[in-house]
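Accompanying notes for the structure given below.
Naming: A, B, ... by sequence-line order, numbering from 1 per chain.
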Protein chains: 2
Amino acid sequence: MKIGELARQSGLTAHTIRYYERIGLLPRAGRDRQRQRDYDASILTWIEFLGRLKATGMPIRDMLRYAELRAGGPATEPDRRRLLERHREAVRSQVATLQDCLLVLDGKIAGYAGNEIAGYAGNERTDDHDSSDIEPIHPREHDADRRRHRSGPAGPRPARAR
Amino acid sequence: MKIGELARQSGLTAHTIRYYERIGLLPRAGRDRQRQRDYDASILTWIEFLGRLKATGMPIRDMLRYAELRAGGPATEPDRRRLLERHREAVRSQVATLQDCLLVLDGKIAGYAGNEIAGYAGNERTDDHDSSDIEPIHPREHDADRRRHRSGPAGPRPARAR
DNA sequence: CTACGGGTTCGAGCGCGCTCTAAGTCAAGC
DNA sequence: GCTTGACTTAGAGCGCGCTCGAACCCGTAG
């Protein structure tokens, strides 16, 4: 299978596939006599899984770590497992955050309700008060925010860690 | 309340607060006689809500749209409502995708299970096959991928839209 | 008077994950 | 023989959302 076909089947672009290979997310593909990449269908399984990791917000550098472990053979399985377990926890808390936010959205939308159904606009206070009387929720906690920059053990992210 | 205090209370940095004001996400703050921003505590409610939108993956340009509508007064409530309803759908499908991925992760982790508990490594085929025999799942569908670049009505994102 | 700890503006820079261009090779079809 | 189209490489560029540096201003404490 050539790169174009793989692109079609995987939903990635050929550009992206080459990029993934360059950075090591995909193994270096074998070439045919024309020096073109020649893929085995099994790569699709791996790409599919990468897609899952990506969809769940795993940064590329972590996928890379996993890919490296995988390349390291069976001895690395415990590490791989731990990596995935940690990620699973992250995803679970992500889901929890989203569900939390969904409640807030529901409340907000309910505050706007009827503006169309009934004919009257101006449901008085729905503008600035933001019906977020739903729950206090400590400020500085809407942080289900993966992607910390500059890796170091710097501040957890808020404010003047300088 | 000055910007530093707001930063502390909101969890944003002062830099970010100014940035948000610059782009219009936050209303231009009133200044004291020293020309320094002076905030009312009510801004925290708005920042908190923005945090929710952000946590659920809404791009800034959409938050901006919402902020503009809000500034447009009660007449825009139906629009605001539609905007939030659309976003809520996006979030719901995001949650569904994540839960889907969680199942895959569970399966994968189960495939690695015991490598530590029992003493034997090398649970044979857990390496390249990737126990994603969990379910076929059409490739090209791991796309719970908000953030489309270059806005236009271009291709839905995959492959050579050129 | 001086230092310091805020604040201000403007604009450059960064990390991420692609995305695209340019210039070239090759094989098949007209 | 020539065009077409899919491929190759290296490397530049982009959109997003901040993040930071530089240079400056101000008010208060020592």
Side-chain angles (χ1 to χ4, degrees), chain A residues 1-8 10-26 28-39 47 50-51 53-64 142-143 145-152 154-155 157-162, chain B residues 1-8 10-26 28-39 47 50-51 53-64 142-143 145-152 154-155 157-162:
Chain A
M1 188 196 294
K2 288 194 292 172
I3 200 172
E5 181 56 21
L6 180 60
R8 239 157 278 130
S10 66
L12 301 175
T13 68
H15 280 311
T16 302
I17 293 170
R18 287 192 207 100
Y19 165 68
Y20 279 1
E21 179 178 316
R22 230 182 316 170
I23 65 174
L25 257 195
L26 296 179
R28 177 159 172 85
R31 311 307 171 101
D32 61 15
R33 68 238 52 136
Q34 206 188 139
R35 294 162 182 276
Q36 295 187 357
R37 291 171 180 80
D38 192 11
Y39 292 97
I47 291 178
L50 287 178
L53 295 181
K54 177 183 155 194
T56 48
M58 183 183 282
I60 281 187
R61 86 185 77 87
D62 293 359
M63 298 189 211
L64 224 38
H142 47 67
D143 237 73
D145 191 13
R146 2 247 100 270
R147 19 106 164 164
R148 237 135 233 66
H149 292 323
R150 70 195 85 288
S151 40
R157 135 64 195 311
R160 64 249 83 288
R162 329 184 46 229
Chain B
M1 189 197 293
K2 288 194 292 172
I3 200 172
E5 181 56 21
L6 179 59
R8 240 155 279 132
S10 66
L12 301 176
T13 69
H15 281 310
T16 302
I17 293 169
R18 287 191 208 99
Y19 165 69
Y20 279 1
E21 178 177 315
R22 233 182 320 178
I23 65 174
L25 256 196
L26 295 179
R28 177 160 171 83
R31 309 308 172 99
D32 61 14
R33 67 239 52 139
Q34 206 188 140
R35 291 159 185 275
Q36 295 185 357
R37 291 170 179 79
D38 193 11
Y39 292 97
I47 292 179
L50 287 178
L53 295 181
K54 177 183 156 195
T56 48
M58 183 183 282
I60 282 187
R61 85 184 78 86
D62 293 359
M63 299 189 210
L64 224 39
H142 46 66
D143 237 74
D145 192 14
R146 3 245 101 270
R147 23 102 168 170
R148 235 135 234 66
H149 292 324
R150 69 195 86 290
S151 39
R157 135 67 195 309
R160 63 252 86 284
R162 334 184 37 231

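- Mapping Q36(B) and I60(B) onto DNA chain D via the closest heavy atom, the residue that lands nearer the 5' end is I60(B).
- Between the side chain of D38(A) and the backbone N or O of R31(A), no donor-acceptor pair lies under 3.5 Å.
- Across all strands, R33(A) comes closer than 4.0 Å to no nucleic acid atom at all (heavy-atom distances).
- Closest to the side chain of R61(A), out of dC16(C), dG7(C), dT19(C), is dC16(C).
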Go through the steps for I47(A) and Y39(A) under the test side-chain contact (heavy atoms from CB on, under 4.5 Å), then give the verdict. CA-CA 12 Å; I47(A) 291 178; Y39(A) 292 97; over 6 Å; no
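- For K54(B), a side-chain nitrogen or oxygen approaches OP1 or OP2 of dC18(D) to under 4.0 Å.
- Checking the phosphate oxygens (OP1, OP2) of dT9(C), a side-chain nitrogen or oxygen of R31(B) falls inside 4.0 Å.
- Rounded to whole Å, atom C1' of dA6(D) lies 14 Å from atom CG of L6(A).
- A straight line from NE2 of H15(B) to P of dA12(C) spans 16 Å, rounded to a whole angstrom.
- Between R61(B) and L64(B), the shortest heavy-atom contact is O-CB, 3.3 Å.
- Between the P atom of dG11(C) and the OH atom of Y19(B) lies a distance of 16 Å, rounded to the nearest Å.
- Distance, R22(A) CZ to dC18(C) P: 12 Å, rounded to whole Å.
- When heavy atoms are screened at a 4.0 angstrom cut-off, R37(B) is found touching the sugar-phosphate backbone but no base atom.
- Residue I3(B) is in sugar-phosphate contact alone, with no base atom involved, counting any heavy-atom pair closer than 4.0 Å across all strands shown.
- Nucleotide dT8(C) holds its C1' atom 14 Å from the CD1 atom of I17(B), rounded to whole Å.
- The shortest distance between the side-chain N/O atoms of Y20(B) and the OP1/OP2 oxygens of dC18(D) is below 4.0 Å.
- The CZ atom of R35(B) sits 10 Å away from the P atom of dT9(C) (whole-angstrom rounding).
- Straight-line distance from the CE atom of M63(B) to the P atom of dC16(D): 12 Å, rounded to whole Å.
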Output, in order, the C-alpha distance, side-chain angles, deciding distance and verdict of side-chain contact (heavy atoms from CB on, under 4.5 Å) for L50(A) and L26(A). CA-CA 9 Å; L50(A) 287 178; L26(A) 296 179; 3.9 Å; yes
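- At whole-Å resolution of the value, OH in Y39(A) and P in dC7(D) are 10 Å apart.
- Considering only heavy atoms from C-beta on, L12(A) comes within 4.5 Å of Y20(A) through its side chain.
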